[in-house]
**Q** 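Here it is: the structure, laid out below.
Excluded from the calculations below are hydrogen atoms, water molecules and symmetry mates; all remaining heavy atoms, backbone and side chain alike, are included.
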Amino acid sequence: MTDPTQGPRFFQDPYPTYAAMRSRCPVQSVPTGSDGHISYLVTGYAEAREALGDPRLSKDTAAFFAGKGSRRRLHPAVAHTMLASDPPRHTRLRKLVTKAFTTGAVAELRPFIARVTDELLDQWPVGEQFDFVAGLAAPLPVIVICELLGVPEGERPDVQRWSGELFAAGKPDAIDAASHSLADYMAGLIAAKRLDPGNSLLDRLISARDGNDRLSEEELVSLAVLLLVAGHETTTNFLGNAVLALLQRPAELDRLRKNPDDVPAVLDELLRFDSPVSTATFRFTTEAVTLGGTDIPAGVPVLVALGAANRDPERFPSPDLLDLDRNAASHLSFGHGIHRCVGAPLAKAEAEIALRAVLIRFPGIRLAVPPDRLDWRHTRLVRGPASIPVLA
């Protein structure tokens with residue numbers, strides 16, 4: 001049995017592969033690695049939504065890998081995050097961060113996001129080829145999440161580099177090393193903030209840890225690392241995928257260029273069309289489960305392909321068409337259920353402000369290379385172009 005998601009062209013365009021798999025069966029087994037183990041891949045919308053909300057699918061990776069003798073050396077603060085836990089631990093940790101990402105809290109950040117966007121766009125060279133990812137999509141989210149967490153300006157480049165290395169597909173040693181660098185950095189930042197407190201989100205989490213909210217020191221470091229990594233890697237891909245979809249469709253691009261106030265209304269369709277998180281994070285069955293007519297035994301990984309679910313014609317007619325008038329609010333790009341992305345309001349605010357600013361300031365922006373020449377991230381977890389050469 002071969003894994004069809006490992007083909008050479010899959011990362012460039014996974015959707016034909018996903019469509020073929022879904023048409024055969026929306027839930028099917030795929031090989032995992034070269035050791036004969038299998039996982040189950042979910043490509044149908046209804047099945048994905050059901051899986052994401054099923055408490056029999058656990059996210060407790062520590063429990064799954066216990067005693068399996070892995071050679072991996074991920075830092076515990078990265079391996080055992082809130083995202084890799086179940087209730088009641090997950091419920092307790094999530095409660096501590098939810099209020100930092102409410103619509104009201106994000107509204108307070110909007111002037112900062114707009115200022116950073118303008119400062120980055122001020123540096124764009126006119127009439128020369130440059131990289132949209134390096135020039136906006138990558139730096140904006142990391143600056144915003146570092147501001148939210150209280151990471152000093154001079155230390156942000158290191159943080160961005162380590163975070164990127166955590167997604168270095170096929171390089172386990174690099175990923176493990178980056179996890180230690182990030183966790184050690186965060187532990188040091190927490191110690192410094194205890195000596196000189198501020199009013200950032202990280203300072204509030206430290207108060208919770210030092211108060212009576214039952215937050216351990218490892219959980220504190222873990223939450224800080226998770227917010228940092230999840231808070232910008234995904235938004236970078238959201239911006240890149242959205243801009244690329246528009247640059248390849250002149251009519252849609254022109255419509256938004258003429259009506260930039262329509263940008264907020266089309267964000268859900270852009271997220272549905274090319275999800276920045278292609279596959280949801282690790283889950284496994286704690287007991288035998290039947291999903292989409294497929295019997296899944298206990299103790300095996302279940303991979304929910306969010307990108308595939310968002311292109312299911314049963315839920316979204318003509319799914320391969322970018323339709324800016326479509327109501328796509330039910331997309332699964334932020335997940336579903338108790339693990340739905342807590343930072344969704346922040347990601348949408350950043351995308352709205354950034355896309356609107358680009359359309360207004362650089363109405364002539366266009367791709368500088370053919371789309372098939374673009375280099376994509378080589379990981380099944382997140383999806384996005386590594387760079388987007390443009391002319392503005």
Side-chain angles (χ1 to χ4, degrees), residues 77-78 81-83 97 100-101 105-106 108-110 112-117 119-121 131-169 175 178-179 181-183 185-186 189 200-202 205 221-244 267 270-271 274-278 281 306 333-335 340-355 357-358 376-377 379 381-388:
V78 174
T81 66
M82 172 178 78
L83 204 52
V97 297
F101 296 100
V106 170
E108 291 178 20
L109 272 172
R110 287 179 71 95
F112 177 79
I113 298 168
R115 189 169 77 247
V116 172
T117 299
E119 288 170 359
L120 289 167
L121 295 185
D131 180 8
F132 176 86
V133 175
L136 183 66
L140 174 64
V142 79
I143 292 168
V144 171
I145 202 69
C146 283
E147 177 75 9
L148 188 64
L149 286 172
V151 174
E153 219 165 297
E155 296 166 14
R156 291 172 186 178
D158 284 340
V159 165
Q160 184 176 354
R161 189 179 77 254
W162 294 325
S163 179
E165 287 168 357
L166 276 183
F167 291 86
I175 295 170
S179 76
S181 298
L182 259 182
Y185 169 78
M186 273 302 170
L189 182 61
S200 72
L201 170 56
L202 185 54
L205 291 174
V221 174
S222 175
L223 267 180
V225 170
L226 174 64
L227 289 169
L228 186 76
V229 176
H232 79 262
E233 204 64 42
T234 48
T235 309
T236 291
N237 291 322
F238 178 8
L239 278 167
N241 293 353
V243 156
L244 186 57
L267 292 177
L270 288 166
L271 280 162
D274 206 358
S275 175
V277 179
S278 192
T281 46
L306 304 176
S333 296
F334 290 128
R340 187 179 189 274
C341 175
V342 73
L346 179 60
K348 289 181 92 168
E350 289 180 43
E352 177 206 326
I353 290 166
L355 289 175
V358 168
W376 288 82
R377 308 285 297 278
T379 163
L381 177 63
V382 293
R383 170 167 166 77
S387 67
I388 306 176

**Q** Quick check: do Val78 and Ile175 have side-chain heavy atoms less than 4.5 Å from each other?
**A** no
**Q** Are the side chain of Asp274 and the backbone N or O of Asn241 linked by a donor-acceptor pair below 3.5 Å?
**A** no
**Q** Should Leu227 and Leu205 count as side-chain neighbours, where that means a heavy-atom distance under 4.5 Å?
**A** yes
**Q** For Glu350, which residues count as a salt bridge (charged side-chain N to carboxylate O under 4.0 Å, His left out) partner, sequence neighbours excluded?
**A** none
**Q** Which atom names give the shortest non-hydrogen contact between Asp131 and Ala386, and what distance separates them?
**A** OD2-O, 4.3 Å
**Q** To the nearest 0.5 Å, tell me how far Ser275 OG sits from Phe238 CZ.
**A** 9.5 Å
**Q** Between Arg110 and Ala349, which heavy-atom pair has the shortest distance, and what is it?
**A** NH1-CB, 3.9 Å
**Q** Look up atom OG in Ser278 and atom CG in Leu306, then write down how far apart they are to the nearest 0.5 Å.
**A** 7.5 Å
**Q** Can you confirm whether Val142 sits close enough to Ser163 that some side-chain heavy atom of one is under 4.5 Å from a side-chain heavy atom of the other?
**A** no
**Q** Are any of the side-chain heavy atoms of Met186 and Val151 separated by less than 4.5 Å?
**A** yes
**Q** I want to check something: taking the side chain as every heavy atom from C-beta on, are Thr236 and Pro276 in contact at a cut-off of under 4.5 Å?
**A** no
**Q** Are Phe101 and Leu201 close enough, and set up right, to give a side-chain contact (heavy atoms from CB on, under 4.5 Å), and what steps lead you there?
**A** CA-CA 10 Å; Phe101 296 100; Leu201 170 56; 4.3 Å; yes
**Q** For the CD1 atom of Ile353 and the CG atom of Leu239, what is their distance to the nearest 0.5 Å?
**A** 11.0 Å
**Q** Do the non-hydrogen side-chain atoms of Leu346 and Ile145 ever get within less than 4.5 Å of each other?
**A** yes
**Q** Please evaluate residues Arg156 and Ile143 with respect to the criterion side-chain contact (heavy atoms from CB on, under 4.5 Å), reporting the C-alpha separation (whole Å), side-chain torsions for both, the decisive distance (0.1 Å), and the verdict.
**A** CA-CA 7 Å; Arg156 291 172 186 178; Ile143 292 168; 3.8 Å; yes
**Q** Could you walk me through whether Phe334 and Thr234 pass side-chain contact (heavy atoms from CB on, under 4.5 Å), step by step?
**A** CA-CA 10 Å; Phe334 290 128; Thr234 48; over 6 Å; no
**Q** Output yes when Arg377 and Glu233 qualify as a salt bridge under the 4.0 Å nitrogen-oxygen rule, no when they do not.
**A** yes
**Q** Closest approach of Leu83 and Leu226, non-hydrogen atoms and distance?
**A** N-CD2, 3.9 Å
**Q** Quick one: does Thr81's side chain get under 4.5 Å of Ser222's, heavy atoms only?
**A** yes
**Q** Heavy-atom distance under 4.5 Å between the side chains of Leu270 and Leu355, does that happen here?
**A** yes
**Q** Could you go through Leu223 and Met82, starting from their C-alpha distance and side-chain angles, then the distance that decides it, and tell me whether this counts as side-chain contact (heavy atoms from CB on, under 4.5 Å)?
**A** CA-CA 7 Å; Leu223 267 180; Met82 172 178 78; 4.1 Å; yes
**Q** CD/Gln160 to SG/Cys146 distance, rounded to the nearest 0.5 angstrom?
**A** 8.0 Å
**Q** With rounding to the nearest 0.5 Å, note down the distance linking CG in Leu166 to CG in Leu228.
**A** 9.0 Å
**Q** Considering non-hydrogen atoms only, spot the tightest contact between Val221 and Ala77 and give its length.
**A** CG1-CB, 3.8 Å
**Q** Can you give me the closest heavy-atom contact between Leu149 and Ala224, atom names plus distance?
**A** CD1-O, 3.9 Å
**Q** Minimum heavy-atom separation for Gly384 and Asn237, please, with both atom names.
**A** CA-OD1, 3.4 Å
